[in-house]
2 protein chains.
Amino acid sequence: MTIVTRVPRGEARARLLAAARSLVRHKGFAATSVDDLCAAAGVTKGAFFHHFPSKEALGVALVQDWTTTTGAMFAAHPYNSLPDPLDRVFAYIDLRRQLLDQPIPEFSCVAGTTVQEAYESSPPIRQAAAESIGSGAEHVRPHLVAALAAHPVPGVTAESLAQLFQVAVQGGVVVAKALDTPTPAREAFDHLERYLRLLFDRPPT
Amino acid sequence: MTIVTRVPRGEARARLLAAARSLVRHKGFAATSVDDLCAAAGVTKGAFFHHFPSKEALGVALVQDWTTTTGAMFAAHPYNSLPDPLDRVFAYIDLRRQLLDQPIPEFSCVAGTTVQEAYESSPPIRQAAAESIGSGAEHVRPHLVAALAAHPVPGVTAESLAQLFQVAVQGGVVVAKALDTPTPAREAFDHLERYLRLLFDRPPT
DNA sequence: AAGACAATACCAACCAGTTGGTATGTATTC
DNA sequence: GAATACATACCAACTGGTTGGTATTGTCTT
């Protein structure tokens, strides 16, 4: 008598999204088949297409889910409550560096990985990735706005700096994957911090 | 009587690599099928598997071909012959910005795009991408070495700066694809130039 | 409180088309 | 004439997606 432990009713969608997050980070979106996803989630194809009308729809949901969960994670982090805005920026960089203390697939960005494949082949997924990257920039932009208000730097906007953070994050993932080491990503954040300290005339304490 | 213009004998391999470069930049590696490649190259499957033992082998050859052609393009560029090393670095940044005056797929990096998908699924391709990224850093690293020799900056190495360039290039592509505009990539290079001018005490002329 | 009923959540089997790859044949070149 | 450079035809495995069904849940009525 074999006891088949089934996935509890109501969890299928969440498990599919979790499986997708992991598989996409490891193999990319196109290389992850619907069968892969169902097997990893412990669910059948019927369940998959009950919750998602297509594989593309799951891709959109995956990126949106990524946006909200990472958004919640950053929003809840104590760095947001430091009194000085520039300290908040530096604490954000620290947090970013801490995230690199994980295996590479674990710190790679779902939106960034997916958009490379979806840029032309799936406008909806690209759109979701755009919102994700934009929302990600919002984790530093307000602090940069406040810091620049207290200490203006000619020719430098909070928006372009916030996007520079995103470029560093995404580029860090790509280079880390290529060289198979998080070091270049970490050092990119070191340079970013040094750049900001020079811009804002705030030498390391 | 239909005249079928065939691909001249001996060109199949080169045409397959050219087709692969274009298709991979637009759709990614996994989403590009062998049939796609043959159709785009105007060649049959027999030709494909005559020149490449597998799709993976074409992926490796594609990345290697990318490394050599881009390497030759940068090596031949006049920025290398400027007298001052830091001027060479700034001219390299200018060149990088010029490359952004193209449609996004045209300036996206084949190695960077591919490695995201191949990181775990294909060690040989990942290895080729590692060599490509490493070789790419060599287009600035010597100039940074010379610039730092003339004007040392405590705590800053030419190697980590060269890798920062790679992070900016790769991150620029990802963010540009996500937001569907080259602006963040361009501004990342602006910030990079400003950072270097601060580090080397070389205000804009 | 119990029964009817419809929605929801899921499953197993199946489908047509596509995938990477092969076996075999033929025209060119050296 | 032997190697090289292809073309044609084909295949098993897998692809995203569909089908028809079942078990579970909530909801409304009596």
Winner on side-chain proximity to A:Phe49, out of D:dG17, D:dT15, C:dG20, is D:dG17
May I have the step-by-step check of side chain to side chain contact (heavy atoms under 4.5 Å, CB included) for B:Val115 and A:Gln116, ending in yes or no?
CA-CA 11 Å; B:Val115 78; A:Gln116 292 255 41; over 6 Å; no
Rounded to whole angstroms, how far apart are NZ on A:Lys45 and P on D:dG17?
9 Å
Below 4.0 Å: OP1/OP2 of C:dT19 and any side-chain N or O of B:Ser33
yes
Using atom CD of B:Glu11 as one end and atom C1' of D:dT4 as the other, report the distance to the nearest whole Å.
16 Å
Go through D:dC6, C:dC11, C:dT22 for me and flag the one nearest to the A:Val43 side chain.
C:dC11
Output the single nucleotide from D:dT8, C:dG21, D:dG16 whose closest atom is nearest the side chain of B:Lys55.
C:dG21
Whole-Å distance separating the CD1 atom of B:Ile125 from the C1' atom of C:dG20:
14 Å
May I have the distance from B:Asp35 (atom CG) to D:dA13 (atom P), rounded to whole angstrom?
19 Å
Considering just the side-chain nitrogens and oxygens of A:His51, establish if one lies under 4.0 Å of OP1 or OP2 belonging to C:dC10.
yes
Round to the nearest Å and state the distance from A:Leu23 atom CG to D:dG16 atom P.
12 Å
Nucleotide of D:dT15, D:dC6, C:dC11 approaching A:Thr44 most closely (side-chain heavy atoms)
C:dC11
Reckon A:His50 has a side-chain N or O less than 4.0 Å from the OP1 or OP2 of C:dC10?
no
Taken to the nearest whole Å, CZ/A:Arg15 to P/C:dC11 is 10 Å
Does the Lys NZ or Arg CZ of B:Lys55 fall within the cation-pi geometry relative to B:Phe29 - under 6.0 Å from the ring centre and within 45° of the axis?
yes
Between CZ of B:Phe48 and P of C:dG20 the distance, given in whole Å, is 8 Å
How close do A:Phe52 and A:Ala61 get, counting heavy atoms only, and between which atoms?
CE2-CB, 3.7 Å
Please walk me through it: do B:Val140 and B:Gln166 pass side chain to side chain contact (heavy atoms under 4.5 Å, CB included)?
CA-CA 10 Å; B:Val140 256; B:Gln166 292 297 89; 5.9 Å; no
What is the distance, to the nearest angstrom, from the CZ atom on B:Phe52 to the P atom on D:dA5?
12 Å
Salt bridge flag under 4.0 Å for residues A:Arg13 and A:Asp65:
no
